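First the structure, in the form of structure tokens, and then the observations on it.
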Amino acid sequence: MTETQSLTLFNSLTRQLEPFQPVHAGEARVYTCGPTVYNYPHIGNMRAYVFADILGRTLSHAGYKLTHVINITDVGHLTDDADAGEDKMEKMARAQAQSIWDIAEHYTQAYWADIKALNIRQPAKWSIATDYIPQMIAFAEKIAPRHCYELESGLYFDVSTVADYGRLARAVTDEGEGRIEAVEGKRNAADFAIWRKTPAGEKRQMEWDSPWGRGAPGWHLECSVMSGDLLGFPFDIHTGGIDHREIHHPNEIAQNQAFCCRPEDACGLDVPANSGAKVWMHNNFLVERSGKMSKSSGEFLRLQLLIDKGYHPLGYRMMCLQAHYRSELEFSWEGLAAALVRLKRMIMVVERLGDVEAGDPNHPKLAPMLETFEKAIRDDLNTAVALTALEDVLAAKKVDVSAKRAAVERMDAVLGLDLFGTGRADLRIRPKAAAITEAEIEDVLARRKAARAEKDFANSDALRDELAAKGVEAMDGDPLGWEWKLA
């Protein structure tokens with residue numbers, strides 16, 4: 001990507017598209033708000049990491065040296081994101097009668113398994129919140145004299161002490177303020193906890209000594225400390241789900257302003273770097289009409305549920321890429337199946353390319369398609385258009401195979417669909433609960449092919465019905481040999 005092909009990204013802080021201009025020449029430093037590991041992530045949570053992965057791959061594709069940090073929150077996140085309720089980790093540990101450390105380890109491993117299944121690249125650093133408690137205390141000590149006050153329940157940040165509080169969310173509405181915890185003695189409704197004291201007579205599994213008493217850090221403090229410590233203020237891009245745009249990220253920004261700005265300086269957000277990151281990016285929601293996107297719904301939609309129902313996780317990645325990251329995306333099983341079929345068609349063409357070594361992708365017939373791809377991906381990560389350009393390359397006729405392979409590899413390095421590492425058979429829909437094995441299916445299909453070759457159509461139909469009775473649909477029209485799927 002040349003200078004004339006600059007990357008343009010939507011900055012949630014300024015609410016406009018902006019050319020990417022790194023803080024450090026040739027580098028891109030990115031922080032992504034990671035999961036709170038008190039439960040399994042649902043597929044809506046995972047959309048945020050697919051988006052962040054596309055962003056990171058695009059920055060690498062553009063030639064930047066990428067440093068990407070994703071945090072793991074294992075303390076401090078309350079049951080209401082608006083700074084109210086119980087600590088999610090402590091609550092789950094009690095509910096499961098387990099150590100909070102064991103809870104964190106189990107759900108961290110589950111999250112990392114989902115990251116791998118979705119072909120999301122590993123970040124430069126996984127930052128674990130409890131590894132940074134001394135740095136959090138030091139950060140709070142620095143900002144406390146001018147920006148915080150102490151109550152019986154802990155240390156609170158006074159949002160009136162920084163300019164432009166809430167600009168990222170555009171306003172702290174009456175409705176929004178109603179979601180914020182009412183604590184006696186708070187100066188402003190939007191003030192939030194930097195450090196929460198353990199109530200007298202109680203003991204938490206996770207608590208530390210601090211100048212404000214024994215307790216635990218606030219959720220918002222953790223991200224400010226880890227991002228600044230690992231990437232330096234200001235860094236380039238901070239990402240997260242759109243739900244963070246209303247409370248969590250405005251509170252991070254307020255802390256960053258307090259930490260970075262000198263009293264004599266103007267620290268308003270007209271200068272985006274004062275927020276700690278030059279660009280704030282947010283992906284929109286994944287919605288599901290039955291209400292199973294909430295973890296309180298029981299069998300909520302996690303990636304493993306999709307896998308158990310027979311859907312390859314890359315089908316979900318494809319589903320995410322078919323919509324712009326800033327658009328709301330509706331989940332349905334029909335939509336997932338359609339995305340899987342689209343991915344399968346791509347892989348069918350890739351398999352035809354064979355093991356030929358990639359050559360020069362700059363074939364005259366491919367040039368317009370590659371240009372369309374480049375324009376799309378650098379236009380605020382327009383993956384929907386980029387996918388169409390990839391399909392056009394795959395469909396191109398009378399093109400040297402080595403050139404086509406090189407072009408597809410270049411595109412897939414950005415989209416991350418693992419087209420050369422996934423086989424068509426991997427994408428068969430085969431629920432975990434299916435009673436029939438793949439070997440048994442292939443045996444019946446082989447006998448059915450033989451019957452049809454001998455024009456024994458009665459036996460062929462009987463074998464098809466035998467498969468159907470066991471939930472197997474034989475797809476006779478498959479151009480590369482008979483395919484099947486399990487219902």
Side-chain angles (χ1 to χ4, degrees), residues 29-41 45 48-49 52 56 66-78 81 83 87-93 98-116 120-144 154-155 157 192-198 203-233 235 238-240 244 248-249 251-252 255-256 259-260 276-277:
R29 302 184 184 183
V30 181
Y31 182 87
T32 293
C33 273
T36 301
V37 286
Y38 74 104
N39 206 334
Y40 299 107
N45 300 140
Y49 307 110
L66 175 67
T67 304
H68 190 183
V69 173
I70 305 178
N71 77 290
I72 299 292
T73 296
D74 57 355
V75 67
H77 190 176
L78 303 189
D81 289 353
D83 211 29
D87 185 299
K88 291 184 176 184
M89 300 295 300
E90 295 274 354
K91 182 178 179 180
M92 183 59 78
Q98 288 185 310
S99 157
I100 199 169
W101 305 99
D102 291 340
I103 291 287
E105 175 65 17
H106 175 78
Y107 291 115
T108 297
Q109 293 298 328
Y111 165 71
W112 283 342
D114 286 355
I115 288 288
K116 182 178 180 180
I120 293 170
R121 298 195 306 182
Q122 289 289 312
K125 175 75 174 179
W126 293 105
S127 59
I128 312 297
T130 49
D131 290 343
Y132 289 82
I133 299 299
Q135 294 94 318
M136 293 177 199
I137 292 172
F139 186 108
E141 285 182 304
K142 178 178 177 180
I143 68 173
L155 184 69
F157 190 98
F192 56 91
I194 293 286
W195 187 268
R196 291 184 174 275
K197 298 179 187 177
T198 301
K203 181 172 177 58
R204 292 173 171 153
Q205 287 196 44
M206 286 184 172
E207 58 180 12
W208 298 264
D209 290 324
S210 81
W212 315 282
R214 192 161 179 80
W219 175 39
H220 316 298
L221 177 64
E222 298 172 12
C223 285
S224 284
V225 170
M226 290 185 286
S227 62
D229 189 76
L230 293 167
L231 299 175
F233 290 131
F235 55 92
H238 194 309
T239 81
H244 292 337
H248 178 46
H249 286 171
N251 290 353
E252 268 194 73
Q255 293 167 157
N256 296 348
F259 186 82
C260 296

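Because the structure is a prediction, the values reported are computed rather than measured.
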Exercise for the section: Could you tell me the separation between the OH atom of Tyr107 and the CG atom of Asp102, rounded to the nearest 0.5 Å? Expected result: 11.5 Å
Practice task
For the residue pair Ile133 and Met136, establish whether any side-chain heavy-atom pair is separated by less than 4.5 Å.
Solution key: yes
Problem - Glu90 side-chain N/O to Gln205 backbone N/O, donor-acceptor pair under 3.5 Å - result: yes
Practice task
Could you tell me whether the side chains of Glu252 and His238 share a donor-acceptor contact shorter than 3.5 Å?
Solution key: yes
Problem - Val75 vs Glu222 side-chain heavy atoms within contact, under 4.5 Å - result: yes
Handout entry: Heavy-atom side-chain contact between Ile72 and Trp112 under 4.5 Å
Key = yes
Completion exercise
Shortest non-hydrogen pair, His249 vs Gly240, comes out as CE1-CA, 4.0 Å
Problem - Close side-chain approach of Thr73 to Lys88, heavy-atom, < 4.5 Å - result: no
Problem - Point-to-point distance, once rounded to the nearest 0.5 Å, from OH of Tyr111 to NE2 of His106 - result: 15.5 Å
Fill in the blank from the handout: When every non-hydrogen atom of Cys33 is compared with those of His244, the smallest separation belongs to CB-CD2, 3.8 Å
Handout entry: Derivation of the side chain to side chain contact (heavy atoms under 4.5 Å, CB included) call for Val225 and Phe259
Key = CA-CA 10 Å; Val225 170; Phe259 186 82; over 6 Å; no
Handout entry: 4.5 Å side-chain heavy-atom contact, Ile194 and Gln255
Key = yes
Practice task
Determine the minimum heavy-atom distance between Lys125 and Leu230, stating which atoms define it.
Solution key: CG-CD1, 3.8 Å
Handout entry: Check: Gly232 main-chain N/O paired with Arg29 side-chain donor or acceptor under 3.5 Å
Key = no
Completion exercise
In short, Tyr31 meets Phe235 closest at the heavy-atom pair CB-CE1, 3.8 Å
Handout entry: Closest approach of Phe233 to Gly276 (non-hydrogen atoms, all atoms of both residues)
Key = CD2-O, 3.5 Å
Fill in the blank from the handout: The reported gap from CG in Asp229 to CE in Met226 (rounded to nearest 0.5 angstrom) is 9.5 Å
Practice task
Decide yes or no for Asn71 and Tyr132: does some side-chain heavy atom of the first lie under 4.5 Å from some side-chain heavy atom of the second?
Solution key: no
Practice task
Report yes or no: does Asp74 contribute a side-chain atom to a donor-acceptor pair with the main-chain N or O of Thr130 at less than 3.5 Å?
Solution key: yes
Completion exercise
One should read off an interatomic distance between Ile115 CD1 and Ile120 CD1, to the nearest 0.5 angstrom, of 4.0 Å
Problem - Close side-chain approach of His77 and Met89, heavy atoms under 4.5 Å - result: no
Exercise for the section: Mind checking the CD1-CD spacing from Ile137 to Glu141? Nearest 0.5 Å is all I need. Expected result: 7.0 Å
Exercise for the section: For the residue pair Asp114 and Pro41, establish whether any side-chain heavy-atom pair is separated by less than 4.5 Å. Expected result: yes
Fill in the blank from the handout: In terms of heavy-atom contacts, Ser127 and Val69 come closest through OG-CG1, 3.8 Å
Practice task
Give the C-alpha distance, both sets of side-chain angles, the deciding distance and a yes or no for side chain to side chain contact (heavy atoms under 4.5 Å, CB included) between Leu78 and Arg196.
Solution key: CA-CA 11 Å; Leu78 303 189; Arg196 291 184 174 275; 3.0 Å; yes
Completion exercise
Rounding to 0.5 Å, atoms CH2 (Trp195) and CH2 (Trp208) come to a distance of 7.0 Å
Let me check something: any side-chain donor-acceptor pairs from residues 212-221 under 3.5 Å, sequence neighbours excluded? List them with distances.
unit_1	atom_1	unit_2	atom_2	d
Arg214	NE	Glu207	OE2	3.2
Arg214	NH1	Asp209	OD1	3.1
Arg214	NH2	Glu207	O	3.3
His220	ND1	His248	ND1	2.9
His220	NE2	Asn251	ND2	3.2

